[in-house]
A.B. asks: 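What follows is a structure written as C-alpha cells; I'll ask about it next.
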2 protein chains.
Amino acid sequence: MPPPVQPAPCKHSHSHCANVDLIEQAVERCKAAGLRRTRALNDVLHILIEAGQPMTLADVTESKHLHSGADRATVYRLLMKLEERGILRRLGLHDRAAYYTMVFPGHHNDYLICTKCGKIQRLEISCPVEVLEKQIAKQSGFTGLYHELEFFGLCPKCS
Amino acid sequence: MPPPVQPAPCKHSHSHCANVDLIEQAVERCKAAGLRRTRALNDVLHILIEAGQPMTLADVTESKHLHSGADRATVYRLLMKLEERGILRRLGLHDRAAYYTMVFPGHHNDYLICTKCGKIQRLEISCPVEVLEKQIAKQSGFTGLYHELEFFGLCPKCS
DNA sequence: ATACATGCAAACATTTTGCTTTGGC
DNA sequence: GCCAAAGCAAAATGTTTGCATGTAT
C-alpha cells in the first residue's frame with residue numbers, strides 16, 4: 001500500500017529544472033564511467049534526482065518524466081549499471097520492491113518510514129554514525145563501507 | 001549468492017539447548033498473544049533464537065531443525081503472526097528475500113553486511129542512535145519508533 | 001465443538017535473462 | 001562499422017492466498 005512517490009517538479013530536462021548542477025555532475029560521472037549518453041539514461045537520472053527520494057523500479061518506469069518511454073528491462077539494466085558504478089544505491093526499505101536513490105559524494109540520507117502506509121520521509125539530521133563507521137571499517141577489515149539508517153514506526157495519520 | 005545462515009547448535013528443543021530462557025520467554029509471549037502452541041510454532045521460535053541471526057523464510061523452512069516439517073505457507077503465516085505481535089521483526093537487508101529476526105525488549109542489533117557474498121555479521125556495538133530516536137519520535141509524531149542500522153561494504157575475502 | 005492452524009496448489013509481484021534490433025561513438 | 005543499449009517476451013524467484021482438512025483448546 002505504499003503511496004506513489006511524488007513526481008518531480010522538473011518538466012523538460014532543461015536548465016530551468018531544479019538541481020541542474022547535480023544532474024550535470026551525475027551525467028559527468030556516467031560519461032566517465034563509460035556509459036553512453038542515451039535518452040533513457042538521461043531520463044532516469046533526471047527522475048531520481050528531481051524526486052529527491054528513493055524510488056522503485058516501477059516508480060521510475062511509470063514516471064511521466066520518462067520521456068523516452070524506456071522499457072522496464074531497460075530501466076532495470078540502467079539502474080544496475082548505475083549501482084555498480086556507485087552512482088546510485090539500492091536500499092532495502094521493507095517494501096517488497098527495492099528502492100534506488102542517487103549517491104552524491106559527501107551526502108548521506110537517513111529515512112523515517114511508516115510501517116503501515118509506507119510513507120518515506122527523508123530526515124534532516126546530522127547522523128551520529130559516521131565516527132562509528134570508521135571504527136568498524138578498521139576492526140572488521142571491510143572496505144568501501146557505508147551505512148544505512150532507517151527509523152520505522154506509525155506516522156501520525158496511521159497511529 | 002548469500003550463503004545459507006549457519007544452523008543453530010540446538011538439537012532437540014529441550015533444556016540442554018542454549019538460550020532456553022529466551023525460548024521460554026518467547027513461548028510465553030506467544031501464548032499471551034493468543035497463539036496456539038503448535039509444533040511448527042515451537043520449531044520456528046527455536047530456529048530463529050538459536051540462529052541468533054536474521055533468517056529468510058527459505059532459511060527457516062529448510063532448516064533441519066524444523067522437525068515438524070512444516071510447509072512454506074505455514075512458516076510464512078507464522079512469521080506474519082509473530083511480526084504483527086511484535087515478537088519478531090522483518091528486516092530489509094538488501095537481499096531479494098526478507099529477513100526475520102527475534103525481538104527481545106531492551107535488545108537491539110546492528111549488522112555488517114558484505115554486498116558481494118551477502119554475509120551478515122551482528123555487530124557488538126553500543127548504538128549511538130537511541131538518543132536520536134527519541135528526538136525524532138517527538139518531532140515527527142510517529143509512534144512505536146524503532147530503527148535499523150546496517151553497514152555495507154566488501155568483506156576481507158571479497159575485497 | 002469450535003475456531004485456529006496446516007498442507008497443497010495456484011496466483012501474484014517483482015526481478016532477471018535471452019535474443020534480436022537500434023543507435024551512440 | 002562496432003559494440004553497448006533498447007525492446008519485447010519469457011523465465012526465475014520469492015511472496016501471498018484459497019480452500020479443504022487436521023488439531024489445540
Side-chain angles (χ1 to χ4, degrees), chain A residues 1-5 27-28 30-45 47 54-63 66-85 87-100 115 118, chain B residues 1-5 27-28 30-45 47 54-63 66-85 87-100 115 118:
Chain A
M1 292 83 245
V5 168
V27 168
E28 211 43 54
C30 289
K31 202 194 299 181
L35 295 186
R36 290 183 178 178
R37 198 179 208 305
T38 69
R39 201 127 162 36
L41 173 59
N42 203 56
D43 286 351
V44 169
L45 292 177
I47 290 168
M55 299 181 86
T56 65
L57 170 59
D59 288 337
V60 177
T61 305
E62 286 152 27
S63 164
L66 191 72
H67 301 111
S68 65
D71 179 76
R72 200 179 41 244
T74 299
V75 175
Y76 172 75
R77 283 187 270 232
L78 278 174
L79 293 174
M80 293 297 100
K81 279 176 208 156
L82 293 171
E83 188 188 8
E84 282 162 18
R85 288 160 176 76
I87 293 164
L88 59 76
R89 188 169 287 161
R90 192 205 312 221
L91 303 180
L93 299 183
H94 279 201
D95 217 354
R96 192 146 116 191
Y99 279 79
Y100 299 87
T115 48
Chain B
M1 292 87 244
V5 168
V27 169
E28 210 44 53
C30 290
K31 204 195 297 181
L35 295 186
R36 290 185 177 176
R37 199 179 208 304
T38 69
R39 200 129 161 41
L41 172 59
N42 203 55
D43 286 352
V44 168
L45 292 175
I47 290 167
M55 300 181 85
T56 65
L57 170 60
D59 288 338
V60 176
T61 306
E62 286 152 26
S63 164
L66 191 71
H67 304 299
S68 65
D71 179 76
R72 199 179 42 246
T74 299
V75 174
Y76 172 76
R77 283 187 272 230
L78 279 174
L79 292 174
M80 291 297 101
K81 280 175 207 157
L82 293 171
E83 188 189 9
E84 282 164 16
R85 288 161 176 76
I87 292 163
L88 60 75
R89 189 169 287 161
R90 193 205 313 221
L91 303 179
L93 299 183
H94 279 202
D95 217 355
R96 192 149 118 189
Y99 280 79
Y100 299 87
T115 47

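So you know, we letter chains A, B, ... as the sequences are listed, proteins then strands, and number each from 1.
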A.B. asks: CG of B:L41 versus C1' of D:dA24: gap in Å, rounded?
C.D. replies: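 About 12 Å, once rounded to whole Å.
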
A.B. asks: Using atom CD of B:E62 as one end and atom C1' of D:dG14 as the other, report the distance to the nearest whole Å.
C.D. replies: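 Going from B:E62 (CD) to D:dG14 (C1'), I get 12 Å.
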
A.B. asks: Within this structure, what is the CG-to-C1' distance between B:D95 and D:dT15, rounded to whole angstrom?
C.D. replies: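 Checked: the CG to C1' distance equals 14 Å.
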
A.B. asks: Indicate yes or no for a side-chain donor-acceptor contact from A:N42 to the backbone of A:R39 under 3.5 Å, with no hydrogens or angles considered.
C.D. replies: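 Between the backbone of A:R39 and the side chain of A:N42 there is no qualifying donor-acceptor contact (under 3.5 Å).
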
A.B. asks: Take B:D71 and B:T38, find for each the nucleotide of DNA chain D with the closest heavy atom, and name the residue whose nucleotide sits nearer the 5' end.
C.D. replies: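 Of the two residues, B:D71 wins.
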
A.B. asks: Roughly how many Å is it from CZ in A:R39 to C1' in C:dT22, rounded to a whole number?
C.D. replies: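 Roughly 15 Å, once rounded to whole Å.
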
A.B. asks: So, under a plain 3.5 Å distance rule, would you say the side chain of A:R72 forms a donor-acceptor pair with the base of D:dG7?
C.D. replies: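 No.
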
A.B. asks: Would you indicate what B:A98 reaches in the nucleic acid, counting non-hydrogen atoms under 4.0 angstrom: base, sugar-phosphate, or nothing?
C.D. replies: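 Counting heavy atoms under 4.0 Å across all strands, the contact made by B:A98 is with sugar-phosphate only.
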
A.B. asks: For a quick check, tell me whether the side chain of A:R96 and the base of D:dT15 share a donor-acceptor pair closer than 3.5 Å.
C.D. replies: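 Side chain to base: no pair present.
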
A.B. asks: Whole angstrom is fine here: how far is it from CG in B:D43 over to P in C:dA5?
C.D. replies: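 Rounded to whole Å, this separation is 16 Å.
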
A.B. asks: For the pair made of CG in A:L57 and P in C:dT17, what is the distance, rounded to whole Å?
C.D. replies: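 It is 13 Å, rounded to the nearest whole Å.
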
A.B. asks: Would you mind telling me which residue lines up with the more 5' stretch of DNA chain D, B:L35 or B:Y100, judged by nearest nucleotide?
C.D. replies: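 Here B:Y100 is the residue nearer the 5' end.
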
A.B. asks: Is a donor-acceptor pair below 3.5 Å formed from side chain B:R36 to base C:dC4, judging by atom type as modelled?
C.D. replies: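 Present.
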
A.B. asks: Touch check for B:A40, heavy atoms < 4.0 angstrom, all strands: base, sugar-phosphate only, or nothing?
C.D. replies: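 Sugar-phosphate contact only - B:A40 comes under 4.0 Å of backbone atoms but never of a base.
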
A.B. asks: Is there side-chain contact between B:Y100 and B:M80, with at least one heavy-atom pair below 4.5 Å?
C.D. replies: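 The answer is yes; the side chains approach within 4.5 Å.
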
A.B. asks: Answer yes or no: is there a donor N or O on one side and an acceptor on the other, between the side chain of B:H67 and the main chain of B:D43, under 3.5 Å?
C.D. replies: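 Checking the backbone N and O of B:D43 against the side chain of B:H67, no donor-acceptor pair under 3.5 Å is found.
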
A.B. asks: Would a 4.5 Å heavy-atom cut-off, applied to side chains only, mark B:K81 and B:L41 as touching?
C.D. replies: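 B:K81 vs B:L41: side chains apart.
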
A.B. asks: Looking at D:dT16, I'd like to know if its phosphate oxygens (OP1 or OP2) sit under 4.0 Å from a side-chain N or O belonging to B:Y76.
C.D. replies: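 Checking B:Y76 against D:dT16: at least one side-chain N or O falls below 4.0 Å of OP1 or OP2.
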
A.B. asks: Could you check whether any side-chain heavy atom of B:L78 comes within less than 4.5 Å of a side-chain heavy atom of B:V75, counting everything from C-beta outward?
C.D. replies: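 Not touching, per the 4.5 Å side-chain cut-off.
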
A.B. asks: In whole angstrom, what separates B:R37's CZ from C:dA5's P?
C.D. replies: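 Checked: the CZ to P distance equals 14 Å.
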
A.B. asks: Counting the atoms with a prime plus P, OP1 and OP2 as sugar-phosphate, which does A:A73 contact under 4.0 Å by heavy atoms, base, sugar-phosphate, or nothing?
C.D. replies: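 A:A73: base contact, heavy atoms under 4.0 Å.
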
A.B. asks: Examine distances only and state if a side-chain atom of B:D71 and a backbone atom of B:A73 form a donor-acceptor pair shorter than 3.5 Å.
C.D. replies: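 Confirmed, B:D71 side chain pairs with B:A73 backbone.
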
A.B. asks: Ignoring the backbone of A:M80, work out which of C:dT16, C:dT6, C:dA5 is nearest its side chain.
C.D. replies: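 From the listed options, C:dT16 comes nearest.
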
A.B. asks: Give the nucleotide from the list D:dA5, D:dG7, C:dA5 with an atom nearest to the side chain of A:K81.
C.D. replies: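 In terms of side-chain proximity for A:K81, the closest of D:dA5, D:dG7, C:dA5 is D:dA5.
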
A.B. asks: D:dG14 P sits how many Å from A:H94 NE2, rounded?
C.D. replies: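 Going from A:H94 (NE2) to D:dG14 (P), I get 18 Å.
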
A.B. asks: Taking only the side-chain heavy atoms of B:T74 (C-beta and beyond), determine which of D:dT15, C:dT16, C:dT6 contains the nearest atom.
C.D. replies: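 Between D:dT15, C:dT16, C:dT6, the one nearest the side chain of B:T74 would be C:dT6.
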
A.B. asks: Quick one: which of D:dA24, C:dG23, C:dT6 gets closest to the side chain of B:R77?
C.D. replies: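 The nucleotide sitting nearest to the side chain is C:dT6.
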
